[in-house]
Amino acid sequence: MIEGARWRRWVFFYLPMAMFLVFLLFPFYWMIITSFRPDGELYRPWNSVNYNPFWTTRPTLEHVRYLFEETLFSQWLWNTTFIALVSTVISLVCGVFAGYALSRLSFPFAGSLGTGIFITYLVPQTLLFIPLAEIIRNYKLGDTPWSLILTYPTFLIPFCTWLMMGYFKAIPRELEECARIDGASRWKAMLYIIIPVAIPGILSAGIFAFTLSWNEFIYALVFLSSPEQKTVPVGVTSELIRGDVFFWGPLMAGALLGSVPVAIAYSFFVEHYVSGLTGSVKG
Amino acid sequence: MGQVVLRNVNKFYDSVHAVKDVNLQIRDKEFVVFVGPSGCGKTTTLRMIAGLEAISSGDVSIDGQVVNNLPPMDRDIAMVFQNYALYPHMSVYDNMAFGLKMRKFARREIAKRVQEAADILDIGDYLKRKPRQLSGGQRQRVALGRAIVRHPRVFLFDEPLSNLDAKLRVQMRVELKKLHQRLGTTAVYVTHDQVEAMTLGDRVVVMRDGVVQQVGEPLDLYNSPANRFVAGFIGSPAMNFATVTMMDGNGRLTAKNAGLELEVPQSQIERLRRHVGREVTIGIRPENLHVATNSDPAGFTFPSKVEVVEQLGSEILLDVRVGADTMVAAVDPTIRARVADQINLAVNPARLHFFDAQTELAL
């Protein structure tokens, strides 16, 4: 849009862009403003004189204090971090090796095995939790972090495997061949050449896996029952919505604090992450 | 030492017979070039020597030791790839040092060898850079450096110059030749460019469809090609071919078709007499044709019609029609020829080639 009248640029570019931004960012704004608004303002009727839904003149940390002092929020944060990290590491390790094997080693049925792994990823979690619940019960893992650490990889490993498969395929085969002529075994060639080159792909897979397990809801809801075992998404919704009473302030504060680690992870790795998705390897 | 012997080497990919019964002895310090059109099996052969491709049957041995089952790392070879295959996350220094580190050389020895190679290739200034900060020619040098620091028994080159632009390619070709003269390491080089093959090789192996067509020194291939394929492949512009019939009249042998009638030179009569009455293919290199003058014997000239004139400065290429055939003649740049001119071309009788029309073998 370098050419053309100014109004044209406004109508076709700035205006749609602005609408899109508002649409996208308003929920976050609402979450933030609600987290810092005192209860008195939150539950004020809409037709009162000083009703002002979009701003507050008396911001408060009361909801955050409530979250940390009156609920087990810090415990939930720790649970979620622990579970997300461990299941991400497990899935990454499996995904990297499986992706490498499926893309580089030519063995019988490699193609159909790859497709099979992809199909397991397509089975919806809302169905898969039923048989998994049975397994968790049989192994007496219910209400422990391990019930999630061991079940999250069921959807994380296929995801990581597929992402890594694509990434490994984009790395020129000659790099590895050259390393092997240079005196590296297959294992060393993978360790010193292929994996360092695939770091952007591994980071993307890791961030995605971490986010998926951080936000996961159904398994956490089904497999965990006692409040001190819960993860953030389940803890906040189950402990701060009592019957039909919504504790909006702490709820929004919980949502805000719960999304901060993910946002940090994304912004920190965003450059690697983008180049990982576009699969760019410069030879 | 670096003597490579291929004995009855075959390669099958499922049902495709990619390399057929290749036999070759590469002597120590020799520079051997495999050349042929794409898909002729030359790269596959090289990769079998490297150990990157399993050998379906036959033996490859290096210095008398059969290496069929030896992994690439244990063959003491170095390879330069078409796309350079530099490790993108390592500096130039680390790229060159990698092979030595893998072989557990002492740090000081590594530094010494890398410096040595960097001096030879004139890349000492960018040892700390990453490959993506280098130009194509510089990357090529680093890839060469990575091969020479290892002091391997054999260098393998897989079309190393084909990613460079034309000017740089000529320059690197000369440098490769110098490098080989300096290091004296056995080299096996794969290319589809016959000019590279001719200029670099001590001996050239011409391949087609997995079969070795001819092995020989560059000038042998040029002067006495074993068959029509080699004749057409070596030399630029390519050799002209015409199908002719052998005629016997009064003890003189002539090769004749609708557009030309050439006498068979005395030296070739004996061999070609058996083909009287049969079709043969006659081959004439463009550079062996010139515009006829009065001093040219009548039996070695023929009329032609100019269709295209290509001025190269040092010579002129005339695309001419001779009967039903088209031919290219490389003539003296002082010749003034225009399109549609009728001119008489004369051939150097000693430089006529004859091939069996069916088997395509040289007669």
Side-chain angles (χ1 to χ4, degrees), chain A residues 96 99-101 103-112 164 166-206 269 271-283, chain B residues 13-14 43 46-47 49-54 70-90 94-105 130-134 136 139-140 142-143 145-150 152-160 163:
Chain A
V96 165
Y100 177 85
S103 66
R104 278 298 155 86
L105 309 179
S106 48
F107 54 92
F109 308 116
S112 39
M164 291 319 298
Y167 204 85
F168 284 135
K169 274 185 185 156
I171 298 176
R173 200 173 268 274
E174 286 87 353
L175 279 187
E176 202 178 346
E177 289 176 345
C178 193
R180 292 182 58 205
I181 288 176
D182 265 352
S185 58
R186 191 179 268 283
W187 168 247
K188 277 190 176 169
M190 185 178 168
L191 205 64
Y192 292 122
I193 306 296
I194 300 300
I195 290 188
V197 172
I199 287 288
I202 296 173
L203 276 181
S204 325
F269 294 118
E271 269 178 41
H272 278 305
Y273 169 75
V274 170
S275 72
L277 284 186
T278 50
S280 64
V281 176
K282 292 184 185 111
Chain B
Y13 290 108
D14 297 325
T43 296
L46 188 79
R47 290 170 59 86
I49 299 174
L52 297 172
E53 212 70 67
L70 229 50
M73 55 185 283
D74 295 331
R75 296 191 184 195
D76 198 10
I77 47 167
M79 185 155 166
V80 177
F81 291 85
Q82 181 175 358
N83 61 4
Y84 320 133
L86 299 179
Y87 311 130
H89 58 297
M90 293 185 187
D94 288 332
N95 260 285
M96 287 164 65
F98 182 76
L100 300 173
K101 280 183 190 159
M102 283 294 116
R103 281 159 213 274
K104 305 213 162 25
F105 276 72
K130 290 278 172 65
R132 67 170 169 277
Q133 296 164 298
L134 303 177
R139 287 180 200 187
Q140 180 61 69
V142 176
R146 192 168 57 177
I148 65 181
V149 290
R150 295 248 322 277
R153 288 190 294 189
V154 184
F155 285 132
L156 305 177
F157 297 96
D158 186 8
E159 309 212 13
N163 280 5

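Naming convention: chains lettered A, B, ... in sequence-line order (proteins, then strands); numbering from 1 in each chain.
- Both the backbone and the side chain of Tyr87(B) come within less than 4.5 Å of a heavy atom of chain A.
- Residues Glu174(A) and Ala85(B) approach most closely at CB-CB, 3.6 Å, considering heavy atoms.
- Residue Val197(A) comes nearest to His89(B) through the heavy atom pair CG2-ND1, 3.3 Å, listed as atom of the first residue, atom of the second, then distance.
- Between Ala184(A) and Met102(B), the shortest heavy-atom contact is CB-SD, 3.7 Å.
- Using a 4.5 Å cut-off on side-chain heavy atoms (C-beta onward), Tyr192(A) and Lys101(B) make no contact.
- For the pair Met79(B) and Glu177(A), the minimum side-chain heavy-atom distance is 4.5 Å or more.
- Taken from NZ in Lys188(A) to CZ in Phe98(B), the straight-line distance is 8.5 Å, to the nearest 0.5 Å.
- Nearest approach of Asp182(A) to Arg150(B), heavy atoms of both residues: OD1-NH1, 3.2 Å.
- Atom CZ of Phe107(A) has more than 12 neighbouring heavy atoms from other residues, nucleotides or ligands inside a 6.0 Å radius.
- The distance from the SG atom of Cys178(A) to the CG atom of Asn83(B) is 9.5 Å, given to the nearest 0.5 Å.
- Rounding to the nearest 0.5 Å gives a distance of 10.0 Å between CG of Leu52(B) and CD of Glu176(A).
- Using a 4.5 Å cut-off between heavy atoms, Arg47(B) touches chain A through its side chain atoms alone.
- The only member of Asp76(B), Ile77(B), Leu156(B) that meets side-chain contact (heavy atoms from CB on, under 4.5 Å) when paired with Ile181(A) is Ile77(B).
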